[in-house]
Amino acid sequence: MNRRVRVRFAPSPTGPLHMGGVRTALYNYLFARKHGGDFLLRIEDTDSHRFVPGAEEYILESLKWCGITIDEGVAEGGPHAPYRQSERREIYLQYAMQLIGSGDAYYAFDSAEELDALRAEYEARGEMFAYNFAVRGKLKISLNMSAEEIKRRIDQGETWVIRFKMPENELVEMDDLIRGRVVVNTSTLDDKVLYKSADSLPTYHLANIVDDHLMEISHVIRGEEWLPSLPLHYLLYRAFGWSSTQPEFAHLPLLLKPTGKGKLSKRDGDKMGFPVFPLLWKGADGEVSRGYREDGYFPEAFINMLALLGWNPGVEQEIFSMEELINLFSLEKVGKSGSRFDPEKAKWFNSQYLRMKPDEELAELYMPVLEGHGINTDKAVVTRVVGLIKERATFVSDFWGLSSYMFTAPTEYEAKAKDKFWKGENPARVAELRGILAGVADFSKENTEHVVHEWMVAKEYPMGQVMNSFRLAIVGQSMGPSMFEICEIIGKDETLARLDKALAVLG
RNA sequence: GGCCCAUUCGUCUAUCGGUUAGGACGUAAGAUUUUCAUUCUUAAAAGAGGAGUUCGACUCUCCUAUGGGCUACCA
């Protein structure tokens with residue numbers, strides 16, 4: 001069977017999209033592109049209670065920022081529209097009814113309170129309550145009722161749910177593209193709810209299978225948290241008679257927190273100082289969660305880092321463009337165990353992408369920052385400065401701290417550098433250097449370097465001492481690129497002014 | 001508790017029975033540099049434990065341990 005590759009990313013709009021979700025979307029996207037297939041976005045909003053306004057928009061914007069393009073979805077439309085499950089509600093009931101008709105499902109009239117009481121009762125006895133074949137006999141379900149009673153209850157407006165009738169003691173053999181064969185005995189499973197009359201909405205399990213079938217999904221690539229419900233899904237495909245076109249499954253390992261136990265959660269980011277969301281999120285409760293985008297990460301770096309968390313092409317290369325990821329991607333190379341996220345490596349990826357960016361592009365990003373500091377300079381100058389400092393930066397936001405002295409004179413002098421270099425003959429030599437530079441007409445770095453070197457050699461001055469005290473006077477601290485480079489950029493007048501100021505302030 | 005999945009340096013990982021177990025992040029040392037950073041070199045750093053199978057096991061099987069997930073009228 002060689003069918004067209006069609007995959008979907010099916011998030012639930014219950015909050016901002018977590019970076020683990022972005023990775024799932026990414027792997028789906030890479031797989032689709034690699035095989036020339038389709039990538040669909042389906043919104044699974046079948047839980048009316050957990051719906052969060054703005055979450056869907058957030059998901060869409062996140063994927064867009066990441067460069068993950070959608071072929072069919074809520075915004076794009078497509079042959080299987082609508083792609084929002086709440087807009088497909090009338091579809092699901094008929095399928096649930098089909099299962100009732102075939103005997104694979106039944107009505108259950110137990111109230112939530114009754115079930116809670118039952119669970120509490122079991123727990124008190126130290127047992128776990130499972131809604132399965134063992135207890136069906138004593139529950140208020142259609143299997144124990146006459147057709148008249150069922151009809152009467154429904155007609156009277158009792159709320160009901162439709163549950164899957166999980167077979168007893170049957171082995172379900174499943175194949176996962178990442179984990180291989182998995183076998184589960186159905187007796188360990190329970191009768192999951194498929195449809196709720198209270199809000200006329202299906203649960204995930206029903207909606208998911210029906211939609212994947214209707215939308216002709218060929219591969220389901222999702223998080224490992226779904227592995228336990230895979231037998232149910234297999235059985236559902238079988239009950240509907242869709243086994244022959246059932247998609248293949250791949251369950252992705254989870255993302256774990258950098259330290260400690262458990263999977264990566266929103267709290268970790270706040271606590272350990274890194275984003276867990278692609279974009280900044282402002283919750284209705286006023287809570288704000290930082291995002292990779294707002295923290296200054298380039299989407300390419302974020303994607304590159306995420307792609308390698310749980311997948312590896314087996315080559316020693318670390319930096320990959322989206323195109324390269326698409327060409328190299330394969331589910332066989334996805335790891336089986338959870339991956340701990342390392343914020344330090346995320347930063348490293350960003351620094352790599354930062355230095356790969358053209359200086360001019362970075363200058364455009366830096367200009368608004370400079371304007372914020374009241375500096376309006378020529379873009380050519382900014383471009384040149386960026387070229388000199390970008391190898392020391394991780395984010396564009398590091399630029400100001402690394403180059404403010406290129407645009408404005410230092411207001412203070414670093415104490416440590418002062419103690420180290422502003423001593424002995426050095427102040428006098430700097431004063432002498434001021435005189436030398438005042439007489440130089442051509443302030444190009446080649447020329448000033450030549451002149452100053454001649455002078456130091458002639459006077460037999462120690463270069464390290466002179467240059468460092470010179471740097472302290474101009475920069476205010478012990479850092480930065482070549483002094484002659486700096487002088488050329490700030491110009492002769494500014495150079496002399498700063499020397500005068502340093503001589504006056506430092507004594 | 002039950003069920004399922006997993007287990008190579010601190011972290012991400014390569015290895016698909018025979019390797020000095022490789023790379024990257026981070027860490028440390030050294031070199032380069034007028035300073036800082038970069039860059040370069042080097043170092044420390046791993047097959048959870050125990051049984052098998054095999055001439056040979058990180059690689060296959062089983063057990064244990066540990067980690068993770070699921071166990072809702074949530075996804």
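In what follows, chains are A, B, ... by sequence order, proteins preceding strands, each numbered from 1.
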What protein N or O atoms touch nucleotides 39-50 of chain B N or O atoms at under 3.5 angstrom, if any, and at what distances?
from	atom 1	to	atom 2	distance (Å)
U39(B)	OP1	Arg355(A)	NH1	3.2

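Between Ser265(A) and His18(A) there is no side-chain heavy-atom pair separated by less than 4.5 Å. Using a 4.5 Å heavy-atom threshold, the side chains of His233(A) and Val220(A) count as separate.
Here U38(B) presents its P atom at 13 Å from CG of Leu354(A), a figure rounded to the nearest Å. At whole-Å resolution of the value, CE in Met174(A) and P in C5(B) are 8 Å apart. Atom pair Leu232(A):CG and C4(B):C1' shows a separation of 14 Å (rounding to whole Å applied). Atom P of nucleotide G22(B) and atom CD of Gln317(A) are separated by 21 Å, given to the nearest angstrom. To the nearest angstrom, P of A75(B) lies 15 Å from NZ of Lys263(A). The distance from atom CZ of Phe320(A) to atom P of A24(B) is 13 Å, rounded to the nearest whole Å. Across the protein-nucleic acid pair, His233(A) atom NE2 and C4(B) atom C1' stand 14 Å apart, rounded to whole Å. Asp342(A) has its CG atom 11 Å from the P atom of U27(B), to the nearest Å.
For the side chain to side chain donor-acceptor pair (under 3.5 Å) test, no residue two or more places apart in sequence or in another chain qualifies with Ser397(A).
Among the atoms of the strands shown, base atoms are found under 4.0 Å from some heavy atom of Ser482(A). Residue contacts for Gly223(A): at a heavy-atom cut-off of 4.0 Å it reaches no nucleic acid atom on any strand shown. Backbone-only contact: Met463(A) has heavy atoms under 4.0 Å from sugar-phosphate atoms and none from a base. Looking at heavy-atom distances under 4.0 Å, Arg179(A) makes contact with sugar-phosphate atoms alone, never a base. Residue Ala198(A) is classed as having no contact, given no heavy-atom separation below 4.0 Å to the nucleic acid. Nucleic acid contact for Ser339(A): sugar-phosphate only, since backbone atoms but no base atoms lie under 4.0 Å from a heavy atom of the residue. Across all strands, Pro481(A) comes closer than 4.0 Å to base atoms (heavy-atom distances). Residue-level contact check: Val475(A) touches neither bases nor backbone, having no heavy atom under 4.0 Å from any strand. Within 4.0 Å (heavy atoms only), Val193(A) reaches sugar-phosphate atoms of the nucleic acid but no base atom. Across all strands shown, Gly310(A) has heavy atoms under 4.0 Å from sugar-phosphate atoms exclusively, and none from any base. In this structure, Ser478(A) reaches the bases: a heavy-atom distance under 4.0 Å links it to at least one base atom across the strands shown. Within the 4.0 angstrom heavy-atom criterion, no nucleotide atom of any strand lies near Asn185(A).
With a 3.5 Å ceiling on both atom-pair distances, the Watson-Crick or G-U wobble partner of U66(B) is A6(B). Of all nucleotides present, only A31(B) satisfies the Watson-Crick or G-U wobble test against U39(B), with each distance under 3.5 Å. For G1(B), the paired nucleotide is U71(B), the pair qualifying as Watson-Crick or G-U wobble because both relevant distances are below 3.5 Å. Base pairing analysis places U20(B) opposite nothing; no Watson-Crick or G-U wobble pair with both distances below 3.5 Å involves it.
Comparing U71(B), G69(B), U34(B) by their nearest atom to the side chain of Leu254(A) picks out G69(B). Ranking C73(B), A75(B), U7(B) by closeness to the Glu225(A) side chain, first place goes to A75(B). Proximity note for Asp47(A) (side chain, C-beta onward) versus U34(B), C25(B), C74(B): the nearest is C74(B). With C4(B), U71(B), A75(B) as the choices, the nucleotide that has an atom nearest any side-chain atom of Val184(A) turns out to be C4(B). Closest to the side chain of Glu344(A), out of C25(B), C73(B), A75(B), is C25(B). Considering only the side chain of Lys333(A), A14(B) comes nearest among A14(B), U34(B), C3(B). Counting only heavy atoms from C-beta on, Trp226(A) has its side chain closest to A75(B) among G23(B), A75(B), C73(B).
Comparing the C1' positions of U39(B) and A44(B) gives a spacing of 22 Å, expressed to the nearest Å. Annotation: C60(B) and A6(B) have their P atoms spaced 11 Å apart (nearest Å). Look at the C1' atom in both C9(B) and C5(B): the space between them is 24 Å, to the nearest Å. Spacing between U53(B) and U59(B) at atom C1', rounded to whole Å, works out to 13 Å. Between A46(B) and G10(B), the distance separating the two P atoms is 7 Å to the nearest Å. For the C1' atoms, the distance linking U11(B) with U61(B) amounts to 31 Å, nearest Å. Using P as the reference atom, G26(B) and G67(B) are 29 Å apart when rounded to the nearest Å. Between U32(B) and A48(B), the two P atoms lie 42 Å apart (nearest whole Å).
OP1 or OP2 of G68(B) has not a single side-chain nitrogen or oxygen of Lys336(A) nearer than 4.0 Å. Between Lys261(A) and the phosphate of G67(B), there is a side-chain N or O to OP1/OP2 separation shorter than 4.0 Å. In terms of phosphate contacts, Arg119(A) brings a side-chain nitrogen or oxygen within less than 4.0 Å of OP1 or OP2 of C73(B). An OP1 or OP2 oxygen of A75(B) is reached within less than 4.0 angstrom by a side-chain nitrogen or oxygen of Thr46(A). In terms of phosphate contacts, Ser197(A) brings no side-chain nitrogen or oxygen within less than 4.0 Å of OP1 or OP2 of C73(B).
When only modelled atom types and interatomic distance are considered, Asp211(A) and Tyr92(A) share a side-chain donor-acceptor pair under 3.5 Å. For the residue pair Asn468(A)/Arg471(A), the side-chain donor-acceptor check at 3.5 Å is not satisfied.
The pair Asp47(A)-Arg50(A) counts as a salt bridge, with a side-chain nitrogen and a carboxylate oxygen less than 4.0 angstrom apart. Residues Arg384(A) and Glu488(A) are paired through a salt bridge, judged by an N-O separation under 4.0 Å between the basic side chain and the carboxylate.
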*I would like to know whether Tyr95(A) and Leu194(A) meet side-chain contact (heavy atoms from CB on, under 4.5 Å); could you show each step before the answer?*
CA-CA 10 Å; Tyr95(A) 284 103; Leu194(A) 300 178; over 6 Å; no
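Classification of the Phe484(A)-His453(A) ring pair by plane angle, with boundaries at 30° and 60°, yields perpendicular. Using cut-offs of 30° and 60° for the angle between ring planes, the Tyr297(A) and Phe395(A) rings count as perpendicular.
Geometrically, Arg125(A) engages Tyr122(A) in a cation-pi contact, judged by NZ or CZ lying under 6.0 Å from the ring centre and within 45° of the ring axis.
The base of A72(B) does not come close enough to the side chain of Lys192(A) for any donor and acceptor atom to sit less than 3.5 Å apart. A donor-acceptor contact under 3.5 angstrom links the side-chain atoms of Arg50(A) to the base of C74(B).
Residue Thr186(A) forms a side chain to side chain contact (heavy atoms under 4.5 Å, CB included) with just one option from Asn132(A), Val172(A), Leu232(A), and that option is Val172(A).
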